[in-house]
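Here's the structure we're looking at; comments come further down.
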4 protein chains.
Amino acid sequence: MTANGDLRSRILEQARVLLLKEGYSAVSMRKIAKAVGCTPTSIYIYFDNKDALIHALIEEGMELLAGDLAKASAPDSEPRARFRGTCLAFLEFGIQNPEYYQIMFLLHPEKMERYPTDKYRRARRNLELFADILREVRSGSSFDPMLSATVLWSLLHGAISLHLAQRLDVGMPASTFIDQVVEHAESMLLPESP
Amino acid sequence: MTANGDLRSRILEQARVLLLKEGYSAVSMRKIAKAVGCTPTSIYIYFDNKDALIHALIEEGMELLAGDLAKASAPDSEPRARFRGTCLAFLEFGIQNPEYYQIMFLLHPEKMERYPTDKYRRARRNLELFADILREVRSGSSFDPMLSATVLWSLLHGAISLHLAQRLDVGMPASTFIDQVVEHAESMLLPESP
Amino acid sequence: MTANGDLRSRILEQARVLLLKEGYSAVSMRKIAKAVGCTPTSIYIYFDNKDALIHALIEEGMELLAGDLAKASAPDSEPRARFRGTCLAFLEFGIQNPEYYQIMFLLHPEKMERYPTDKYRRARRNLELFADILREVRSGSSFDPMLSATVLWSLLHGAISLHLAQRLDVGMPASTFIDQVVEHAESMLLPESP
Amino acid sequence: MTANGDLRSRILEQARVLLLKEGYSAVSMRKIAKAVGCTPTSIYIYFDNKDALIHALIEEGMELLAGDLAKASAPDSEPRARFRGTCLAFLEFGIQNPEYYQIMFLLHPEKMERYPTDKYRRARRNLELFADILREVRSGSSFDPMLSATVLWSLLHGAISLHLAQRLDVGMPASTFIDQVVEHAESMLLPESP
DNA sequence: AATGAATGAGGCTTCATTCAT
DNA sequence: AATGAATGAAGCCTCATTCAT
C-alpha cells in the first residue's frame, strides 16, 4: 500500500501522465483508473467528480509555478536580472510542464464550470509578482504596472501557447525562441539601459 | 423547406454558434443537426466527416482574417500606422470572432489529424505579412524579421487567448487592453521615434 | 456513354470488384455507386433493391459456371475423364471466382429473403449434371445417382469453402489440394478400375 | 434482478439465439442487449468488444465439439467403427449446433480481425484427430494422412454447409443424407474390407 | 477503503431507401 | 435516364456517474 504512494496521489500522477501523452480530451476516469490499476469508482472516493480531479491537478501546478517564480524573483539579485529570470522561469515552466500548463491556462472556463472562482484568484498573484518586479525596475517612470504586467503575461503566455500547439517554425530550437522572447520583453518594458 | 438558406451554410453557421456557446469539445454532429433542424445524416451530404466540417470553418475564418489583414496592411499609409493597424486588425479579429479564432489558433493539431498540412501553411503567411511590415518599418537596422514577427505574433496571440479565456482583469475594458497591447508592441519592435 | 458499357453492367462489374476486394458485408450501394461514378439513386433505376442486384450477380455466376461445366462434361471424351474434368471445372470455378462463388453458394438464404425461389432451382441443374455423369460411369451398378451426386457436391463445395475461408494448411499449394480432392472423389464414387 | 443467471452467460446465450435466428450479420450489440434485457453498455462490462464476444462463443463451440469428438474417437472400439463414429459426431455437431458451426467454420477470417491466431490452431487439432484415426485404420498402406484428413474434412464440412444453407434436396431427411456421407467417406478412405 | 454491476446519454458514422425534380 | 437532398434506423463504442455491497 505504502509501496507506491497512496491512491489519491497515484491517481493525480496518472492523470498527469495521460494528459501529457494524449491530451486533455483523451483523459477519462476510466483511462485514469486503468493506468492506476483501480476501478473508476475508486476515484470518486478521493474526488467528487472529474472536474474536482482536474482542479486538484491545477492546484498542484499552481504550487509548482509559484515555487519556480518565487525562486526566480528572489530579491537577492539586480532588478533587471530578476526581470529576465522571472520571465524565463515562467516560459520554462510552461515548456517543461505542458500538461500542467494546459489545464492551468489553456482550458476554457466553460469546461470548468464547477471550479470555484476563488481558485482563479490565485493566478492573479502571478500577475502581481510581475507588476512588483516592473515597479522596481522602472522606479520613477510613470506607468500602470498591472497593465504592463498583463501585457507581459500576454507575451509569455502567447509564446508558450504557440510552442505547445506546435505552431512555431519547426526549424528553430525552443531555447533560441525563448531567449528572443525574453529579449523582446526587455525592450518592450525596460528603459533603455543608459 | 425547413427554413431559409441552403443547408450547408446553415450547418456551418450553427456549428459556429455552438462553438461560441459551448466550446469545441461540445460541438458534436448530433448537436449541430439538432440546432440546424436536420438529421445528423444530412450533414454528411455536405461534409465527409466532422473534421472536414471544422476545416471548412477554419477555411472561412482564414478568409475573413486574410481580408482584415490585407485591408489593414494596405500600402497606402505610413509604415508605423500600418504596423499599428495590422496589429489592431489581428487583435480585433480574435476578439470579434472568438469561435473562428479558437479553431484556427487554439486547437491542438492532435485534434486535427485529418487536417491537410498545406492548410497550415496558410497560417504561416500571416507571419510573413508581419515580417514584411517589420522589414519596412525597421529598414536599415539589423535584425531577424521572421523571428521578431514570431515574437510579435506571440504577444498578439497571447493577448487574444487570455481575453477569450476570460482570464484578464474583469475591470478593464477590452479596448483599453487592446490599445495597450499595440502600444507595447510598438515599443518592443519599433525604433524610438526621434 | 457507350465508351465503357451501359450503366447497368458497370454497376454489376464494380459490385463484383468490391465483393472480391472487401467481402460481402462491405458491399454497399453507396460504395458501388462511388466505384461506378454515379449516385446511389441511379442504381435503383436498374435494380429494385440491393438484393435484386446481388441476384443479378448470382445469375451471372450461374451462367458462367454452367458454361464451364458444360464444356467440361461434353460427351466427346471417355466417361472417367469427363468425371475428372467436371469435378476439376467446379473446383476451379470456385477458386478462380471467389466473389461469384461466395454469393452463389456461401450466402445464407436468410440474407436472400427476396430471392425468388425458382432461381435456386437452377443450382439444382448442376447436381443433375453430376448425377448424369455418375450414371454413365457407373452404368450397371445399383446406386442412387442423385444422392451420390449430392455427396460429391458436398466434397467439392467443402473443399472450395475451406480454401476460400483460408482455413487450409498454408503450406500446401492449391493445385496439389485440388488434385487430391479429385483423386479422392474418384475413389469415393468410381468402381475400382480393373 | 432482471432475471436469472449471471449476465455474462445470458449475453452469450442470446447472442447464440440471434445468430441462429437471423444470421451473423444481423447480430449486433444493440439486438443482443435488447434480447437480454440490458443496455448495450452492460455488454462491455463482460466483453471488450463485439469480436471478443464472438470469440467467447467460438470458444464455447470449440469446447463442445472437442468433447463430442473425444467421446466418439475414444480408443475402446474397433478402428472402422471409430472412423464412422467420429465422422458422424462431426456431422451431427454441425447440424445440431448450426449457430456454433457458423461462427466456428463459416465465418471468413476477414470478419475476425481481432481473433488471436493461436485460437485457430485449435481448429487444426480436429484435423489431426482425423489424421490419427486414418493412420490407424489404414496402417500399412502408403498415403499422406494429413492430406487425406483434409479431404475428409472438406467432405464433412461441405455436407454440413450445404445442409445449413438449406441447399440440399428438401425431400431427403437429414439423417439419410448424413448416413450416406459417412458411407461415402468410408469408400473414399478405407480399404475395401475383405 | 474499494469494488462490481449497471446505466443513460451521447460520440461518429454508414446503411438502404425514397421523393421531387 | 439520372440526380440531389434527405431520412430513420442502426452500427460500435466511450463517457461520467451511481448504487448496493
Side-chain angles (χ1 to χ4, degrees), chain A residues 1 6-8 11 25-34 36-54 114, chain B residues 1-2 6-8 25-34 36-54 114, chain C residues 1 6-8 11 25-34 36-54 114, chain D residues 1-2 6-8 25-34 36-54 114:
Chain A
M1 318 172 173
D6 66 318
L7 192 47
R8 198 191 119 98
I11 289 169
S25 67
V27 173
S28 75
M29 301 302 256
R30 206 177 272 206
K31 283 184 186 165
I32 296 170
K34 183 177 279 183
V36 165
C38 70
T39 56
T41 320
S42 298
I43 301 180
Y44 287 87
I45 297 167
Y46 300 98
F47 304 94
D48 279 354
N49 48 48
K50 191 184 171 182
D51 280 5
L53 196 163
I54 299 293
R114 286 176 276 197
Chain B
M1 273 267 164
T2 18
D6 70 316
L7 192 48
R8 197 192 122 100
S25 68
V27 172
S28 77
M29 300 305 257
R30 281 190 191 186
K31 281 186 187 166
I32 296 172
K34 187 175 283 182
V36 166
C38 70
T39 56
T41 314
S42 293
I43 301 180
Y44 286 87
I45 299 170
Y46 301 97
F47 304 95
D48 277 353
N49 48 49
K50 190 184 171 180
D51 279 7
L53 196 164
I54 298 293
R114 285 180 272 197
Chain C
M1 320 174 172
D6 67 316
L7 193 46
R8 197 191 121 99
I11 289 169
S25 67
V27 172
S28 75
M29 301 302 257
R30 208 178 271 207
K31 283 183 187 167
I32 296 172
K34 183 178 279 182
V36 166
C38 70
T39 56
T41 319
S42 299
I43 300 179
Y44 286 87
I45 297 167
Y46 299 96
F47 304 94
D48 279 353
N49 48 46
K50 192 184 171 182
D51 279 5
L53 196 164
I54 299 292
R114 285 176 276 198
Chain D
M1 271 265 164
T2 16
D6 69 317
L7 192 48
R8 197 192 122 98
S25 69
V27 172
S28 77
M29 300 305 257
R30 281 190 190 185
K31 281 185 186 165
I32 296 172
K34 187 174 282 182
V36 165
C38 69
T39 56
T41 314
S42 293
I43 300 180
Y44 287 88
I45 298 170
Y46 301 97
F47 305 94
D48 277 353
N49 47 49
K50 190 185 172 180
D51 279 7
L53 196 163
I54 298 293
R114 287 180 272 197

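Computation of the quantities below employed the complete heavy-atom set of this structure, encompassing side-chain atoms and omitting hydrogens, waters and symmetry-equivalent molecules. The sequence lines fix the lettering, A, B, ..., with proteins before strands; numbering per chain opens at 1.
Side-chain contact between Ile32(A) and Leu53(A) is present, with at least one heavy-atom pair separated by less than 4.5 Å.
Looking at heavy-atom distances under 4.0 Å, Ser28(C) makes contact with sugar-phosphate atoms alone, never a base. Among the heavy atoms of the strands lying under 4.0 Å from Ser42(C) is at least one base atom, whether or not backbone atoms are also near. When heavy atoms are screened at a 4.0 angstrom cut-off, Tyr46(D) is found touching the sugar-phosphate backbone but no base atom.
Computed from coordinates, the Ile45(C) CD1 to dT3(F) P distance equals 7 Å when rounded to whole Å. To the nearest angstrom, C1' of dC15(E) lies 14 Å from CG of Asp51(C). The nearest whole Å value for the distance from the CZ atom in Arg30(B) to the C1' atom in dT14(F) is 12 Å. Atom CD1 in Ile32(C) sits about 8 Å away from atom P in dA16(E), given to the nearest Å. If you measure from atom CG of Leu53(D) to atom P of dC13(F), you get 10 Å, rounded to the nearest angstrom. Distance OH (Tyr44(B)) to P (dA6(F)): 16 Å, rounded to an integer number of Å. The distance from atom NZ of Lys50(B) to atom P of dG11(E) is 8 Å, rounded to the nearest whole Å. Note: CZ (Arg8(C)) to P (dA2(F)) measures 13 Å, nearest angstrom.
Taking every heavy atom of both residues into account, Cys38(D) and Ile43(D) meet most closely at SG-CG1, 4.4 Å. Between Ala33(D) and Pro40(D), the shortest heavy-atom contact is CB-N, 3.5 Å.
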Pairing string of DNA chain E (Watson-Crick or G-U wobble, both atom distances under 3.5 Å; | = paired to other strand) is .||||||||||||||||||||
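Interatomic distance, Arg8(D) CZ to Asp6(D) CG, rounded to the nearest 0.5 Å: 8.0 Å. We find the OH-CG distance between Tyr46(D) and Leu7(D) to be 4.5 Å, quoted to the nearest 0.5 Å. The CD1 atom of Ile11(C) lies 7.0 Å from the OG atom of Ser42(C); values are rounded to the nearest 0.5 Å. In this structure, Asn49(C) CG and Met29(C) CE are separated by 7.0 Å, a value rounded to the nearest 0.5 Å.
Take the nearest nucleotide of DNA chain F for Thr41(D) and for Lys34(D): the residue whose nucleotide is more 5' is Lys34(D). For the pair Cys38(D) and Pro40(B), nearest-nucleotide mapping onto DNA chain E gives the more 5' position to Cys38(D). Looking at which nucleotide of DNA chain E each of Thr39(A) and Met29(B) is closest to, the 5′-most match is held by Thr39(A). With DNA chain F read from its 5' end, the first of the two nearest nucleotides for Asn49(D) and Ile43(B) is the one closest to Ile43(B).
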